[in-house]
Amino acid sequence: MSSRATARFRSGRLALAIGALLVLGGIGGVAQSWAGGRAVLELFTSQGCSSCPPADKLLHELAQKPGIVALTYNVDYWDYLGWKDTLATPENSRRQREYAERRGDREVYTPQLVIDGRAHAVGSRRDDIERILKAHMAEQRPAPSLTIDRHGRELEVSIGPAVDPSQPMEATVWLMMIQPEVSVSIQRGENLDKQITYTNVVRRIIPVAMWHGEPLKVSLPASELATPDTPSGVVLVQEDDGGPIIAATDVVVLKGD
């Protein structure tokens, strides 16, 4: 990892250490998290970051657990180190920066795991991630119902009414188009000669609607969204500008026969 990356990694660990003083416990039953019975884990990673492969591996493991929605966002700001990330997009990097600006700490580093849009941890530090998950699950905040289904040539997103007066009544409905698994052989840079497998890689970030606390249905063209490379998707309802995730679906296969 470069000196710049190391500095960001260490500053991220410091920010997490301060927050971790407030939480205790293990991963337990993740089905009671805030985002409608799910915990949304968003890993910001890079093929050019030598500290990232352990986090990529851990996210794959966490993705197998019930109640976990695990997403990978490859970022492009380490491309100058000698290897251009083949999965990175400017949109992924922008999403990470929006989270940092919203939190107010401006912590942008890799590997960074953002949990339910509200807290962050070094993506390879299992104990810290589990403590934050336990703290979030203990809140047991109710969430509006949220589903995504395919009907012929259309995808239908359905959101129920707000069920918690404390929830924001204005949120963006995001459709994340996903490539379920991608293996990449790194030929230059800090991960030279490594083959890394990424889980639930976000290839497109699409804002599809605004939710204002009232029931909402949105129809989308399935054939234009679900492709052989991105057959799956996740819908998130999220307070604007990198805010908390209010509700989430599981990863859903959207491409039909």
Side chains of [X] and [Y], donor plus acceptor under 3.5 Å:
X      : Y      : answer
Gln96  : Tyr77  : yes
Ser50  : Asn191 : no
Thr86  : Gln47  : yes
Ser93  : Asp76  : yes
Thr172 : Gln238 : no
Thr110 : Ser46  : no

Out of curiosity, does [Y] fall in the hydrophobic cluster containing [X] (side-chain heavy atoms, cut-off under 4.5 Å, transitive links)?
X      : Y      : result
Ile205 : Leu87  : no
Val40  : Val75  : yes
Ile68  : Val201 : no
Tyr198 : Val69  : no
Leu236 : Val163 : no

Check: [X] side chain, [Y] main-chain N or O, donor-acceptor pair, under 3.5 Å:
X      : Y      : value
Arg188 : Gly82  : yes
Trp83  : Cys49  : no
Asn92  : Asn74  : yes
Trp211 : Glu214 : yes
Arg150 : Leu254 : yes

Got [X] and [Y] here, is their nearest side-chain heavy-atom distance under 4.5 Å?
X      : Y      : result
Ser223 : Arg153 : no
Ser145 : Ser158 : no
Glu156 : Ile148 : no
Ile186 : Leu192 : no
Ile206 : Trp174 : no
Thr197 : Val182 : no
Ile196 : Val184 : no
Leu155 : Asp149 : no

Item checked: Asp56 and Thr199: CA distance, side-chain angles, deciding distance, side-chain contact (heavy atoms from CB on, under 4.5 Å) verdict -> CA-CA 8 Å; Asp56 302 321; Thr199 303; over 6 Å; no
If you look at every heavy atom in [X] and [Y], which pair is closest and at what distance?
X      : Y      : answer
Ile132 : Ala119 : CG2-CB, 3.9 Å
His212 : Met210 : NE2-CB, 3.7 Å
Asp79  : Asp85  : OD1-N, 3.0 Å
Ala55  : Ser124 : CB-N, 3.7 Å
Ile129 : Leu58  : CD1-CD2, 3.9 Å
Arg102 : Gly243 : NH1-CA, 3.6 Å

Distance (rounded to the nearest 0.5 Å) between [X] [atom1] and [Y] [atom2]:
X      : Y      : atom1 : atom2 : value
Leu43  : His60  : CG    : NE2   : 13.5 Å
Leu220 : Leu175 : CG    : CG    : 6.5 Å
Asp128 : Leu113 : CG    : CG    : 11.0 Å
Leu133 : Arg126 : CG    : CZ    : 11.5 Å
Glu190 : Ser51  : CD    : OG    : 7.5 Å
Asp116 : Leu41  : CG    : CG    : 7.5 Å

Checklist line | Carboxylate-amine/guanidinium proximity below 4.0 Å for Arg95 and Glu42 | finding: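 Judged by the 4.0 Å cut-off on N to carboxylate O distance, Arg95 and Glu42 do form a salt bridge.
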Next item on the list: Give a yes or no on whether a salt bridge exists between Glu91 and Arg204, defined as a side-chain N under 4.0 angstrom from a carboxylate O.
Entry: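 A salt bridge is absent here (no side-chain N lies under 4.0 Å from a carboxylate O).
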Next item on the list: Measure the acute angle between the ring planes of Phe44 and Tyr73, then classify it against the limits of 30° and 60° as parallel, tilted or perpendicular.
Entry: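 Phe44 and Tyr73: parallel rings.
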Checklist line | Steps toward side-chain contact (heavy atoms from CB on, under 4.5 Å) verdict (Val218, Leu216) | finding: CA-CA 7 Å; Val218 181; Leu216 176 68; 4.0 Å; yes
Next item on the list: Determine, step by step, whether Val252 and Val234 satisfy the side-chain contact (heavy atoms from CB on, under 4.5 Å) criterion, reporting the C-alpha distance in whole Å, the side-chain angles of both residues, the deciding distance to 0.1 Å, and the verdict.
Entry: CA-CA 6 Å; Val252 179; Val234 165; over 6 Å; no
Next item on the list: Name all residues meeting the salt bridge (charged side-chain N to carboxylate O under 4.0 Å, His left out) criterion together with Arg103; count only those two or more places apart in sequence or in a different chain, and write none if there are none.
Entry: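 Arg103 satisfies salt bridge (charged side-chain N to carboxylate O under 4.0 Å, His left out) with Asp105 only.
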Next item on the list: Carefully, step by step, assess Val157 and Lys217 under the rule side-chain contact (heavy atoms from CB on, under 4.5 Å).
Entry: CA-CA 6 Å; Val157 178; Lys217 287 192 176 183; over 6 Å; no
Next item on the list: Compute the centroid of each ring, for Tyr109 and then for His120, and state whether the two points are separated by less than 6.0 Å.
Entry: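 Yes; His120 has its ring centre under 6.0 Å from that of Tyr109.
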